[in-house]
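The structure appears right after this line, and notes come after that.
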There are 2 protein chains.
Amino acid sequence: MEEIKLTEKQKELIEKLGVFLERSGISPAQARVMGLLLVADRVELTFDEIRGALQLSKSATSNALNTLMQFEKITYITKTGDRKRYFKTVIATQKSDFQKRFKQFLSMKEIYSQILEARTPDTPKFNAELAQVVDFMEFMEEQLPEIFAKWKAKKK
Amino acid sequence: MEEIKLTEKQKELIEKLGVFLERSGISPAQARVMGLLLVADRVELTFDEIRGALQLSKSATSNALNTLMQFEKITYITKTGDRKRYFKTVIATQKSDFQKRFKQFLSMKEIYSQILEARTPDTPKFNAELAQVVDFMEFMEEQLPEIFAKWKAKKK
DNA sequence: TTTTTAGTTCTGCCACGCGAGAACTAAAAT
DNA sequence: ATTTTAGTTCTCGCGTGGCAGAACTAAAAA
């Protein structure tokens, strides 16, 4: 009851996704856990199943799961009469992740406009360019909700 | 001719921007160089001016400048009868940076759809959720050029 | 020809993050 | 009461990255 078997294809996909996630700052172990929970034939896996499938130490498994939970990338469910926790990805997070990234990028707008305000008036060309960037970010910020609305409308 | 004086406000803004940039994976020294070139009263600064203003070692300065140039965050110009190079930010990069990030995020779509294809059919609900994410990303990908066009049209 | 300029490259140190393994713990099962 | 389960926490070592300082280099100036 605890030996998750992964096909070569599944392993490959875990590693492939891993590369992406690691590039966005998450650790190898965490990345693989995310991958596993996305490719595994069962959607909810226990600590030991995860540990076994990925060949991680208990500490690595524990830490990966806990930080992923902190960032709400995963959750767990429990089953009556069973002490184990069953972990699963929060797929929906993807969409809000997107928004988060978007917003984070756009929060640079604040700093950029502060910089713009503080700049010497002696460099009008430069300042105008900078103003354009701020403007662009503002525009993007406005558009975001519209696009989301459009998406919701489309899927009906 | 080589002592860039920074106001407290300027220093503050450099550090503030630094925090943001470091979060997106760039090193403190590089982040500060970016900041300096954005807040300084002169738009083009020499190696030694940068080094002096930020109190960096020559090696740190050299490495920061070179990697920033590799990623096209900055460039330099030269002046006739002057051996020094004058470094400046490429502000326009911001917009294409935005696109790059956007695309990078959306390139996960490929992996997600591969995962979806490889998944067991025994978890239809999960698969449907995953399919929605893929769909969402596809939609966003389509929208991107439209938004850009809109921006261009607006600024006329 | 030697000296200065404008950097680059090398060496070494320190801090940090990741993950293994072992020791520990709290609850449940026996 | 003790043993097992389901993890958590601690300690350690390893690899990496960032930076300083010093040695180096290529071109220009003197």
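We use all heavy atoms of the structure for the numbers below, so side chains are in, but hydrogens, waters and symmetry mates are not.
Regarding Asp82(B), its CG atom lies at a distance of 14 Å from the C1' atom of dG7(C), rounded to whole Å. One interatomic measurement links the two molecules: CG of Leu45(B) to C1' of dG7(C), which rounds to 16 Å at whole-angstrom precision. At whole-Å resolution of the value, CG in Leu65(B) and P in dG7(C) are 9 Å apart. If you take CD of Gln70(A) and C1' of dT8(D), they are 14 Å apart, rounded to a whole angstrom. Taking atom NZ of residue Lys84(B) and atom P of nucleotide dA28(D), one finds them 14 Å apart after rounding to whole Å. Atom CD1 of Ile50(B) and atom P of dT8(C) are 11 Å apart (whole Å). A straight line from CZ of Arg51(B) to P of dT5(C) spans 14 Å, rounded to a whole angstrom.
Side-chain atoms of Lys58(A) lie closest to dA6(D) of the nucleotides dT8(C), dA20(C), dA6(D). For Ser62(A), counting side-chain heavy atoms from C-beta on, the closest listed nucleotide (dA20(C), dA20(D), dT8(D)) is dT8(D). Checking dT8(C), dA20(C), dG21(D) against the side-chain heavy atoms of Ser57(A) singles out dA20(C) as nearest. Looking at the side chain of Arg83(A), the nearest of the listed nucleotides dG19(C), dA6(C), dA6(D) is dA6(D).
At a threshold of 4.0 angstrom between heavy atoms, the contacts of Ser59(B) include nucleobase atoms, whether or not backbone atoms are also involved.
Val33(B) pairs in a side-chain contact (heavy atoms from CB on, under 4.5 Å) with only one of the listed residues (Thr61(B), Thr67(B), Leu45(B), Leu54(B)), which is Leu54(B). If you run side-chain contact (heavy atoms from CB on, under 4.5 Å) between Val43(A) and each of Glu129(B), Arg119(B), Lys125(B), only Arg119(B) comes through.
Under the 6.0 Å distance and 45° angle rule, Lys79(A) counts as a cation-pi partner of Tyr86(A).
Distances shown here put every side-chain N or O of Ser27(A) at or beyond 4.0 Å from the OP1 or OP2 atom of dG17(C). Phosphate contact (OP1/OP2 of dT8(D), side-chain N/O of Arg85(A), threshold under 4.0 Å): present. Phosphate proximity of dT8(D) to Asn66(A): present, with a side-chain N or O under 4.0 Å from OP1 or OP2.
Electrostatic pairing of Asp135(A) and Lys154(B) counts as a salt bridge here, judged by a charged N lying under 4.0 Å from a carboxylate O. Salt bridge present: Asp97(B) and Lys73(B) bring a charged side-chain N and a carboxylate O closer than 4.0 Å.
Each of Gln55(A) and Gly81(A) has a nearest nucleotide on DNA chain C; the 5'-most of these lies closest to Gln55(A). In terms of position along DNA chain C, the nucleotide closest to Ala60(B) lies nearer the 5' end than the nucleotide closest to the other residue of the pair Pro28(A) and Ala60(B).
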